[in-house]
Amino acid sequence: MLLSIRSLSKSFPGTKALDAVDFELKAGEVHALLGENGAGKSTLIKCMTGAYRRDSGQILLDGQPVSPGTTSEAQELGIGTVYQEINLLPNLTVAQNLTFGREPRRFGMISSRAQRDMAREMLAGYGLDIDVGRDLGSYSVAVQQVIAIARAVSLSGKVLILDEPTASLDAAEVRMLFDILRDLRDRGLGIVFVSHFLDQVFDLCDRLTVLRNGCKIATEAIAETDRLKLIKHMLGRELDEATEEERRKTTAPHEERHEMLRFDRVGRPGTVAPFDLTVRRGEVIGLAGLLGSGRTESAELLFGVRAAQSGQAHDEAGPVDFSNPRAAIRAGFGFAPEDRKTDGIIADLSVRENIVLALQARRGWTHPVPRAEQNRLADDYIARLDIRTSDAEKAVGDLSGGNQQKVVLARWLAMNPRFLILDEPTRGIDIGAHAEILRLIHQMTAEGMALLVISSEFDELVAVSDRIIVLRDRRHAHALVGDEVTADAIVRAIATPDAAQTQTRGAA
Amino acid sequence: MRRTFTRVLPQLLTLAVLMALVTLFFPQFLAVDYQGGRLSGPVIDVLKRGAPVALLAVGMTLVIATRGIDLSVGTVMAITGAAAAWAIASGWGAGTAVLLALAAGLVCGLWNGCLVAVVGIQPIVATLILMTSGRGIAQLITEGRILTFNDPGFAWLGSGILAGLPVPVFIWILTAVAVAILMRRTALGLLVEAIGINRSASALAGVNARVLLIAVYMASGLCAALAGIIATADIRGADANNAGLWLELDAILAVVIGGNSLLGGRFSVAASVLGAMIIQTIDTGILLAGFPSEYNLVIKAGLVLIILVLQSPNLASEWYFLRRSLTQRREPKPVPSRVKE
Amino acid sequence: MLKTLMTSAAIMVCAAAATAQTVGFSQIGSESGWRAAETTLTRQQAEERGIDLKFSDAQQRQENQIAAIRSFVAQGVDAILLAPVVATGWDSVLEEAQEAEIPVVLLDRQVDAPDDLYLTAVGSDLVHEGEVAGQWLVEKVGDRECRIVELQGTTGSSPAIDRATGFRNAIEGHDNLEIVRSQTGDFTRTGGKEVMESFLQAESGNEICALYAHNDDMALGAIQAINEAGLNPGEDILIVSIDAVPDIFKAMAEGDANATVELTPNMAGPAFDALEAYWEDGTMPEKFIQTESTLYTQDDDPMAEYEARKDLGY
Ligand SMILES: Nc1ncnc2c1ncn2[C@@H]1O[C@H](COP(=O)(O)OP(=O)(O)OP(=O)(O)O)[C@@H](O)[C@H]1O
Ligand SMILES: [Mg+2]
């Protein structure tokens with residue numbers, strides 16, 4: 001056995017995160033670690049790699065007890081890790097991040113040319129065409145994710161641990177990553193793989209271990225299990241698969257719906273070419289495209305995060321100001337951003353405070369939301385979104401990743417906006433909550449709210465969207481409506497250079 | 001109320017231990033006399049002498065909560081004091097002098113706030129500008145001399161007695177209470193904490209970070225103005241070179257002793273003013289104990305170091321583990337919720 | 001004061017006859033009232049003597065002073081007055097002045113450089129100041145028991161050390177005088193007031209017989225503290241300090257302070273005297289010209305002294 005965990009326990013004030021968990025990793029296997037949000041997956045990984053101190057339990061590497069006290073000690077033991085919340089340094093260059101701690105030296109000095117060469121070499125095979133001399137922070141979450149993986153891979157002599165590495169990657173990148181992982185497995189590495197995408201698990205992994213509420217439920221070979229059994233292990237109940245698979249039933253053909261907002265020629269040079277967008281009551285618009293195609297940038301223009309340099313918006317009442325987030329919020333917009341750690345949660349504030357924050361900001365500081373109302377809102381959304389927390393006063397930063405994502409969603413749902421933009425809303429969310437969120441989306445649109453959903457998961461987009469806009473090269477290149485909305489059509493639209501029906505007029 | 005109490009408990013304990021320690025060296029430390037309609041005694045001195053740092057700490061707490069720092073407060077004390085003394089020397093009376101000083105403090109805060117929030121300069125650099133150049137402004141006002149005056153009304157703010165206690169004591173306590181209430185009864189406290197923890201996420205949630213930042217620096221300027229008024233009234237003169245000299249550091253220290261993180265976020269005004277009283281107790285204790293003055297700074301640094309080490313979050317988690325491993329054998333009790341430092 | 005005025009008037013007549021000399025003055029800055037007065041008096045003295053004074057304010061930086069001296073040398077002035085901000089690092093620039101045959105006179109502070117690099121240094125003897133203050137107190141109290149508290153200057157600064165030493169020299173052998181508390185007030189009014197408050201607490205006011213403050217500002221702060229404690233400064237507690245700034249004369253006129261020892265800001269007077277003699281016939285002055293440490297008490301018409309000083313920029 002390459003790595004064995006024996007009876008590992010870990011408590012946080014108010015929570016027993018891991019309760020005598022056993023875990024075994026063989027050399028030459030990819031081992032999936034599965035469980036709901038807050039089941040304890042990330043905590044187990046952090047305890048294994050010295051990021052957290054375990055309360056009790058034993059870790060054996062090659063049969064020898066080890067006890068890494070810090071992540072760098074774990075690295076020296078040959079354990080490379082990508083944590084769920086990327087822990088690279090955004091204000092260092094990509095090359096510096098990749099070579100951190102083992103910089104190539106010449107005459108005792110760090111040679112930045114050799115550093116860049118080394119970095120390029122490490123990134124070769126990931127299909128990433130970036131300037132390694134630029135600051136890491138200037139790249140998207142997905143790119144950062146790939147860089148974190150590349151770094152961990154190069155550090156892992158024996159064990160590679162990946163905590164939701166695919167959450168922000170698109171299909172092509174996932175395929176590429178899996179090729180690399182299979183290759184590493186064949187070379188005898190043990191790989192731990194955390195994901196909420198069961199398809200990926202079945203595709204890649206050899207065995208799996210399921211955690212629930214901090215306890216180990218089962219370890220099985222992939223060949224001997226199936227999806228339903230697995231979900232039952234994870235949730236402790238059966239999931240109504242119908243909900244998950246349900247294709248959205250359009251109540252009315254989309255042309256007949258009441259027009260709510262119209263954006264004309266909104267754009268910003270170097271960000272997104274000017275585009276038009278009509279938003280109707282109760283509809284869900286999907287934005288699809290590859291990484292860097294301008295999806296997130298489009299959303300940011302619409303919410304005023306980046307000021308649009310051209311274009312305006314109208315509703316029935318007249319022009320709408322969306323030049324900055326505050327104006328957009330006043331106009332009834334909402335925006336749950338892609339990068340929850342830097343743009344979403346306020347880590348040290350409680351779940352309650354995070355949920356009421358936007359509402360409070362809109363009311364102004366002189367009209368505090370009464371504490372009773374705050375508690376009611378918090379408890380309501382904790383129940384509705386099944387946010388796993390010991391109580392509403394727990395700091396959001398101490399929640400599991402998926403539960404943090406739910407808190408950000410709750411913040412905007414509490415605002416009851418008329419136009420809500422969700423950038424990767426289900427990133428890192430478990431299968432049960434995923435279904436729950438899709439149901440919520442249905443419910444909200446039934447009440448008239450319009451949604452703009454960005455997702456790398458085409459199946460999810462197809463499941464929720466009335467129509468889909470496909471972006472290519474920072475242009476709104478293609479629109480799919482009604483029956484055209486299928487995953488295949490999206491893939492085709494992304495691939496074909498210029499399909500007939502273009503939504504943008506004369507975009508440069 | 002109970003939450004506030006548990007929050008400031010470490011500071012209260014520290015203060016109590018310190019007072020006991022000072023009493024060891026100076027037995028009459030806790031003695032309070034009442035004569036001629038006023039209370040007097042070392043403790044009253046601590047309350048009065050601590051007023052400037054306590055006031056600065058109130059403003060500094062807010063600034064630090066937004067992940068900033070205001071190095072200019074000592075200088076702002078000098079500027080506002082000079083402005084007040086100038087107003088009195090020009091025969092404008094105490095009321096005008098106070099208003100002028102407060103206005104000067106607000107303007108200084110506005111300047112800092114704009115540099116930080118609008119121009120986008122890092123707070124430490126932005127406020128350093130006023131810290132270094134501001135004394136020049138104060139000297140221009142006083143024409144380089146100690147501008148003295150004799151206005152009983154204004155002097156009362158520094159050395160007057162109200163209900164047996166020195167007036168400055170009322171000024172700082174009222175300011176601290178007013179700010180604490182303003183922060184906690186309105187949503188300001190939450191919004192300030194939010195921008196301190198994650199400014200970009202707060203802005204996306206619609207928090208007006210820019211205006212809040214400016215407001216916070218203006219509040220700090222206002223507190224510095226009050227401190228400047230007290231310092232000037234106390235010696236009946238504006239000393240542009242020495243008024244508030246290095247007090248910004250004491251104010252920052254008070255905030256830190258108050259358990260507020262320099263990384264912004266959660267803050268407690270009450271804990272900060274207790275921090276100021278802790279510092280003043282050390283200062284007064286050293287004076288009363290009668291050590292040679294060469295030891296002043298060493299003793300102060302040593303005590304502060306001990307306090308900060310005892311309060312450090314690392315140690316707190318060590319204690320948590322220690323307690324847990326000691327109690328583990330026994331019946332597992334519900335774990336107490338963590339006190340946020 | 002009158003005497004100085006008269007001599008300078010006399011010299012003015014002579015100087016007017018000679019061609020006007022140019023003197024460069026590199027001043028430290030204007031960090032205290034005393035220094036502002038020194039600048040004012042230097043300008044006054046130069047004007048009275050018909051000397052063309054080139055003034056440079058270094059704003060507390062040695063680089064600025066060195067630059068100023070170089071520029072004086074380049075302009076070919078007839079002499080340079082230098083109030084050095086620090087003691088070290090002057091050798092090379094003083095050599096440059098020497099090569100240009102420009103005499104340099106140090107004002108108020110000394111430098112660590114061979115003394116042939118400058119003509120002379122004008123300054124006061126800090127130890128002596130302390131001695132004058134101590135002697136006054138010894139005579140004032142006679143045989144009475146006297147418990148003294150001392151407000152020291154900034155810890156470690158040379159005025160604080162020397163003024164403490166001088167005072168102790170003077171009271172040595174008078175066993176009825178005893179320094180019971182000594183603490184730094186950082187040369188500031190606030191410091192003086194705060195520390196005096198603690199002295200009054202610690203020693204219970206009426207057992208203190210005298211206060212010795214290393215400068216007038218601290219004494220002025222202490223006077224307020226004594227007043228606020230309900231005691232009578234100048235009577236219940238004797239007050240002697242050093243510097244002779246205008247405000248202390250006001251306090252003396254009001255009976256709140258008893259004595260002060262002058263640290264004259266007129267360093268330029270003796271400096272110009274020495275320079276004029278040197279220009280005249282090459283007379284080399286002593287390497288150190290000590291200014292007088294005059295003692296002023298309530299009997300010296302403090303109000304007149306106040307009036308004479310109040311416009312000097314203190
Ligand atoms: N630093 C912390 N302080 C307090 N509680 C914590 C902390 N970190 C995690 N927890 C709690 O431990 C439990 C397990 O969290 P963990 O992050 O391991 O979940 P996870 O399985 O990785 O979930 P996800 O799929 O959402 O990432 C959660 O209830 C979480 O609230
Ligand atoms: Mg996790």
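Contacts of A:Lys341 with chain B are made by backbone atoms alone, with heavy-atom separations under 4.5 Å and no side-chain atom involved. Only the backbone of B:Arg185 comes within contact range of chain A, judged by heavy atoms closer than 4.5 Å. For A:Ile329, the part lying near chain B is the side chain, with the backbone staying farther off; criterion is any non-hydrogen pair under 4.5 Å. In this structure, no portion of A:Arg362 lies under 4.5 Å from any heavy atom of chain B. Residue contact with chain B, scored on non-hydrogen atoms closer than 4.5 Å, is absent for A:Leu359. For chain B, no part of A:Arg340 is nearby; none of its heavy atoms comes within less than 4.5 Å. With a 4.5 Å cut-off on non-hydrogen atoms, B:Leu182 touches chain A through its side chain but not through its backbone. The parts of B:Ala194 that come within reach of chain A are both its backbone and its side chain, each placing non-hydrogen atoms under 4.5 angstrom from that chain.
The backbone N or O of B:Ser200 sits nowhere less than 3.5 Å from a side-chain atom of A:Thr342 that would complete a donor-acceptor pair. Although no hydrogens or angles enter the test, the distance criterion places a donor-acceptor pair under 3.5 Å between the side chain of B:Asn198 and the main chain of A:Ile345.
Summarising the geometry, atom CG belonging to A:Asp348 is positioned 4.5 Å from atom CD1 belonging to B:Ile197; distances are rounded to the nearest 0.5 Å. Between the OG atom in B:Ser202 and the CG atom in A:Asp343 there is a gap of 10.5 Å [rounded to 0.5 Å]. Rounding to the nearest 0.5 Å places CG of B:Leu191 at 5.5 Å from CD of A:Gln360.
The shortest distance between side-chain heavy atoms of A:Thr366 and B:Leu188 does not fall below 4.5 Å. Side-chain contact between A:Ile346 and B:Glu193: absent, with no pair of heavy atoms (C-beta onward) separated by less than 4.5 Å.
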